[in-house]
Amino acid sequence: MIQKVYDWLDERLDLSPIWRDIADHEVPEHVNPAHHFSAFVYCFGGLTFFTVVIQILSGMFLAMFYAPDIVNAFNSVKYLQTEVSFGYIVRGMHHWGASVVIVMLFLHTLRVFFTGAYKAPREMNWVVGVLLFAVILGLGFTGYLLPWDNKAYFATKVGLQIAEVVPVLGPYVKHFLAGGDIVGAETITRFFAIHVFFLPAILLLLLGVHFILIRRQGIAGPL
Amino acid sequence: MAHERNKNDVKYVGDSRVKVRKEKLYPKPYSEYPGKTEPFFPNFLLKEWMAAVVFLGAFMVLVVSHPAPLEATPADPNDTSYIPLPDWYFLFLYQFLKYFPSGTAVWGAVIIPGFFALLFLLAPWLDRKPDRRPSKRPIATSLMLIVVAGIVFLTYEAVVQHKAQVEAMEASAAQHAQQAAPAPAPQDQGTTATFDPEAAYMQSCSACHGQDLAGTAAAPSLIALNLTVDEVVDIITNGRSGSQGVMPPGMFSGTEEQKKQLAEWVLSHQ
């Protein structure tokens, strides 16, 4: 039955080449920790992606309880943390996952750098990776404000003061992010939108390009 | 009229207008590399998933044992005594900026970090010889090592300086409090005027029950307790054994009157 459904779809959509390309490609020995334990350094990229998936899933559940405005933001986070079943676990996953993503990303970047894997023909995938790094730092910065306690508020205030220092563009960037002259009601809605819609959209797009380029170019050979 | 086709016609990809290129940058198949290759699915992915499960287990232990921090009150923009601290991965930038006097902040905030970011982005074009071993690329390797060491150092300095700042702030706050009340009443006096149940909670109870009374891994939440004042006083005096282990007796040692006020304060959190 399933075979028939698949055959029907495959006849029309030519599905096989798509998944066969992902499933059947060879993984070489030098990146396989089962053969050389030191090859675990090649796992950091995959673990970064794994943690990003944790962030997306836990973030989706946090968004079911979070209210992005200055009156309710803190109370909704507190309610989630203290009252909702398993709320503190989901929030804990998102909170600690944010740090783990940065750690894994940093390790992955160092692995790529020190193995010289960015050299021709893989220059563009390095550039995409650096952009991904910037997007993830942006997610960290915008997400930090959302619990709306003093730690969040004053860190964001300082961050925006630093952004203002940028010549020419600075005041515009600050005004765009803060939505006004102070960190307040408009800031939290903007940060929420950037954190939940804008940056994740860019993140998924860049991740797609990152993975397609890996399949197109293959991974770098042994040192 | 049908299309006239001959051998010299340009070939296209599918039904597009993209011309078929003879030479493409296909990667070498891994069967040409020495060693044991294996298919990505299911062989390799299964092993990768096992590694991910170990990672996930360790991650969940961290999550469950260390609840995500949340301060007791919402943000107060008028709180001038709060010392700001960015998340840890921005600390090196924050610390770097401190070394620049206010007139030259643009160097510390934009120009120098921006220069390093640009070097980082353009690394494949700056380091273009085919050698890939770190030892064969001394400039790239040593530059990266110096930058990483610098980031570690700046982060460490930021944490140390922040701690010192917070301690200095607390010391000066305590001094102010002493000046305001030059003759602190002895502890056993038990008058309502000098006893602050919130301060007593922060000193004696908050380490286990949390500064916001929401509980920690060590002790349960004290919010919305279904107990009377006398029962709470009894627990403070004699301790109890509950679902999360044993609360030892005498964690707060004050007079009966102070215990009663502390119990009333705790029960006021519904």
Undergrad: Can you tell which part of B:A117 gets under 4.5 Å to a heavy atom of chain A, answering side chain, backbone, both or neither?
TA: neither
Undergrad: Heavy-atom distances under 4.5 Å only: say whether B:V110 touches chain A with side chain, backbone, both or neither.
TA: side chain
Undergrad: Measuring heavy-atom distances to chain B, does A:K151 have an atom under 4.5 Å in its side chain, in its backbone, in both, or in neither?
TA: both
Undergrad: Can you tell me which portion of A:V158 sits under 4.5 Å from chain B's heavy atoms? Options are side chain, backbone, both or neither.
TA: side chain
Undergrad: Any chance the rings of A:W126 and B:F120 have centres within less than 6.0 Å?
TA: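 Yes.
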Undergrad: Looking at B:W107, I want to see if its CH2 is surrounded by more than 12 non-hydrogen atoms of other residues, nucleotides or ligands under 6.0 Å.
TA: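 Counting other residues, nucleotides and ligands, CH2 of B:W107 stays at 12 neighbours or fewer.
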Undergrad: Which one wins on heavy-atom pair count under 4.5 Å against chain A: B:G114, B:P84, B:P74?
TA: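 When all of B:G114, B:P84, B:P74 are compared, B:P74 has the most.
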Undergrad: Please indicate whether A:F49 has more than 12 foreign heavy atoms, meaning atoms of other residues, nucleotides or ligands, lying under 6.0 Å from its CZ.
TA: no
Undergrad: Could you check which of B:T73, B:L62, B:I223, B:V106 has the highest count of heavy-atom pairs closer than 4.5 Å to chain A?
TA: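 That would be B:T73.
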Undergrad: Check each atom of B:L93 against the heavy atoms of chain A and say whether the ones under 4.5 Å are side chain, backbone, both or neither.
TA: neither
Undergrad: For residues A:E29 and B:E38, determine if any side-chain heavy atom of one lies less than 4.5 Å from a side-chain heavy atom of the other.
TA: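 With C-beta onward as the side chain, the pair stays apart.
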Undergrad: Pick one of side chain, backbone, both or neither for B:K36, based on which atoms fall under 4.5 Å of a heavy atom in chain A.
TA: both
Undergrad: Check each atom of B:W49 against the heavy atoms of chain A and say whether the ones under 4.5 Å are side chain, backbone, both or neither.
TA: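 Only the side chain of B:W49 comes within 4.5 Å of chain A.
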Undergrad: Looking at B:M60, B:M144, B:E48, which one has more heavy-atom pairs under 4.5 Å with chain A than the rest?
TA: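 Max contact count across the listed options: B:M144.
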Undergrad: Less than 4.5 Å to any heavy atom of chain A: does that hold for the side chain of B:D127, its backbone, both, or neither?
TA: both
Undergrad: Strictly distance-based, threshold 3.5 Å: is any side-chain N or O of B:E71 a donor or acceptor partner for the main-chain N or O of A:N150?
TA: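 Yes; at least one donor-acceptor contact below 3.5 Å.
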Undergrad: Can you find a pair of side-chain heavy atoms, one from A:Y88 and one from B:V64, that are under 4.5 Å apart?
TA: yes
Undergrad: For the residue pair B:F40 and A:H25, categorise the inter-ring angle as parallel (less than 30°), tilted (30 to 60°) or perpendicular (more than 60°).
TA: parallel
Undergrad: Can you tell which part of B:P69 gets under 4.5 Å to a heavy atom of chain A, answering side chain, backbone, both or neither?
TA: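 B:P69 touches chain A through backbone and side-chain heavy atoms alike.
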Undergrad: Taking side chain as everything from C-beta outward and backbone as N, CA, C, O, which of these in B:R133 sits under 4.5 Å from a heavy atom of chain A? Side chain, backbone, both or neither.
TA: both
Undergrad: Side chain, backbone, both or neither: which part of A:A120 has an atom under 4.5 Å from a heavy atom of chain B?
TA: neither
Undergrad: Check whether B:L121 gets within reach of chain A through its side chain, its backbone, both or neither, counting any heavy atom under 4.5 Å.
TA: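 Interface part for B:L121: both.
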